[in-house]
Amino acid sequence: MSDAFITRVLNVASGSSERVVDITRDCEAFLQEAAGRDGLLNVFVPHATAGIAIIETGAGSDDDLLTALHTLLPADDRWQHRHGSPGHGRDHVLPAIVPPHATLPVLAGRLELGTWQSVCLVDTNRDNPNRKVRLSFLG
């Protein structure tokens, strides 16, 4: 395969609680090795119960996102999809709200994010503590 397309899989330990995991540094490290030129970075989580968000972290926005998801998708017994932890069916609806992918511009090998933006894995599924995230650079 040409060096115009390079991919890597990250293993992310999201743990047994709902989390927003900042993977920006992992994306930047991948681009340092893979890029050095303009292109696109695609970030994809191949799981039915997780998503990728571009959001500010560390100032409360990540917790606000989890709170908003609790309001939109309560962890109770209303869901038809019923296995795993109580309310797990909502985890399967999450990717319709927080998509499992994001495509971001790369200029001269650097991720072009806004000042407060971070690339984050959003994982509300307490039953799956380990996630894979595929990073693909297209130059």
Side-chain angles (χ1 to χ4, degrees):
M1 179 172 277
S2 160
D3 67 349
F5 182 81
I6 302 164
T7 190
R8 172 177 299 152
V9 175
L10 302 175
N11 293 305
V12 179
S14 56
S16 59
S17 62
E18 298 176 359
R19 290 193 52 206
V20 175
V21 181
D22 188 339
I23 59 170
T24 308
R25 285 198 172 116
D26 296 304
C27 294
E28 290 170 340
F30 168 68
L31 290 172
Q32 283 181 351
E33 294 175 28
R37 60 193 185 278
D38 295 354
L40 296 171
L41 175 67
N42 181 265
V43 182
F44 175 71
V45 57
H47 297 279
T49 59
I52 300 295
I54 309 302
I55 187 171
E56 178 182 10
T57 58
S61 297
D62 35 355
D63 290 332
D64 289 342
L65 174 58
L66 293 175
T67 299
L69 290 172
H70 268 279
T71 300
L72 292 169
L73 306 171
D76 58 23
D77 65 354
R78 72 182 69 198
W79 307 100
Q80 293 182 37
H81 184 100
R82 296 175 186 256
H83 71 82
S85 297
H88 174 66
R90 71 167 186 138
D91 299 326
H92 287 273
V93 178
L94 174 78
I97 296 168
V98 180
H101 59 87
T103 301
L104 305 163
V106 176
L107 297 177
R110 297 184 50 95
L111 201 52
E112 283 296 304
L113 292 172
T115 302
W116 304 112
Q117 291 180 315
S118 295
V119 182
C120 297
L121 168 69
V122 179
D123 188 357
T124 60
N125 182 356
R126 298 182 312 263
D127 296 335
N128 190 351
N130 298 299
R131 299 300 188 149
K132 294 193 180 305
V133 178
R134 178 171 296 280
L135 304 178
S136 300
F137 175 74
L138 179 62

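Source: prediction; values computed, not measured.
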Exercise: identify the closest heavy-atom pair between Arg90 and Ala75: NE-CB, 3.6 Å
Looking at Leu113 and Ser118, what are the two nearest heavy atoms and their distance? CD1-CA, 4.4 Å
Would you mind writing out the side-chain donor-acceptor pairs for residues 28-52 within the sub-3.5 Å range, not counting sequence neighbours?
| unit_1 | atom_1 | unit_2 | atom_2 | d |
| --- | --- | --- | --- | --- |
| Glu33 | OE1 | Arg8 | NH2 | 2.5 |
| Arg37 | NH1 | Ala34 | O | 3.4 |
| Arg37 | NH1 | Ala35 | O | 3.4 |
| Arg37 | NH2 | Asp3 | O | 2.4 |
| Asp38 | OD1 | Ala108 | N | 2.7 |
| Asn42 | ND2 | Thr103 | OG1 | 2.8 |
| His47 | ND1 | Arg131 | NH1 | 3.4 |
| His47 | NE2 | Lys132 | N | 3.0 |
| Thr49 | OG1 | Asn125 | ND2 | 3.0 |
| Thr49 | OG1 | Arg131 | NH1 | 3.3 |
| Thr49 | OG1 | Arg131 | NH2 | 2.9 |

Show the atom names and distances, to 0.1 Å, of all donor-acceptor pairs under 3.5 Å that link a side chain in residues 61-68 to residues at least two apart or in another chain.
| unit_1 | atom_1 | unit_2 | atom_2 | d |
| --- | --- | --- | --- | --- |
| Thr67 | OG1 | Asp63 | O | 3.0 |

So, using salt bridge (charged side-chain N to carboxylate O under 4.0 Å, His left out) as the criterion, who are the partners of Arg19 when residues are at least two apart? none
Sorted by chain and number, sequence neighbours left out, salt bridge (charged side-chain N to carboxylate O under 4.0 Å, His left out) with Arg25 holds for none
Could you list who else is in Trp116's hydrophobic cluster, with ILVMFWY side chains joined at under 4.5 Å, directly or through other members? none
Would Val20 and Val133 show up in the same hydrophobic cluster when neighbours are defined by side-chain heavy atoms closer than 4.5 Å? no
Heavy-atom side-chain proximity of [X] to [Y] below 4.5 angstrom:
X	Y	result
Cys27	Leu135	yes
Leu69	Val98	yes
Leu10	Leu121	no
Asp123	Val21	no

side-chain contact (heavy atoms from CB on, under 4.5 Å), that's the test. Do Leu104 and Ile54 meet it? Break it down for me. CA-CA 10 Å; Leu104 305 163; Ile54 309 302; 3.9 Å; yes
Pair listing, salt bridge (charged side-chain N to carboxylate O under 4.0 Å, His left out) test, anchored in residues 95-115, at least two apart: none
What donor-acceptor contacts under 3.5 angstrom involve side-chain atoms of residues 82-89, with partners at least two apart or in another chain?
| unit_1 | atom_1 | unit_2 | atom_2 | d |
| --- | --- | --- | --- | --- |
| Arg82 | NE | Trp79 | O | 3.0 |
| Arg82 | NH1 | Asp77 | O | 3.2 |
| Arg82 | NH2 | Asp77 | O | 2.6 |
| His83 | NE2 | His81 | NE2 | 2.8 |
| Ser85 | OG | Asp127 | OD1 | 2.5 |
| Ser85 | OG | Asp127 | OD2 | 3.3 |
| His88 | ND1 | Asp91 | OD2 | 3.0 |
| His88 | NE2 | His92 | NE2 | 3.0 |

Please list, chain by chain and in numerical order, all residues satisfying side-chain hydrogen bond (donor to acceptor under 3.5 Å, both in side chains) with Thr24, sequence neighbours excluded. Asp22
Quick check for you: to the nearest 0.5 Å, what is the distance between Asn128 atom CG and Ser16 atom OG? 11.5 Å
Separation between CD1 of Ile6 and OG of Ser136, rounded to the nearest 0.5 Å: 10.0 Å
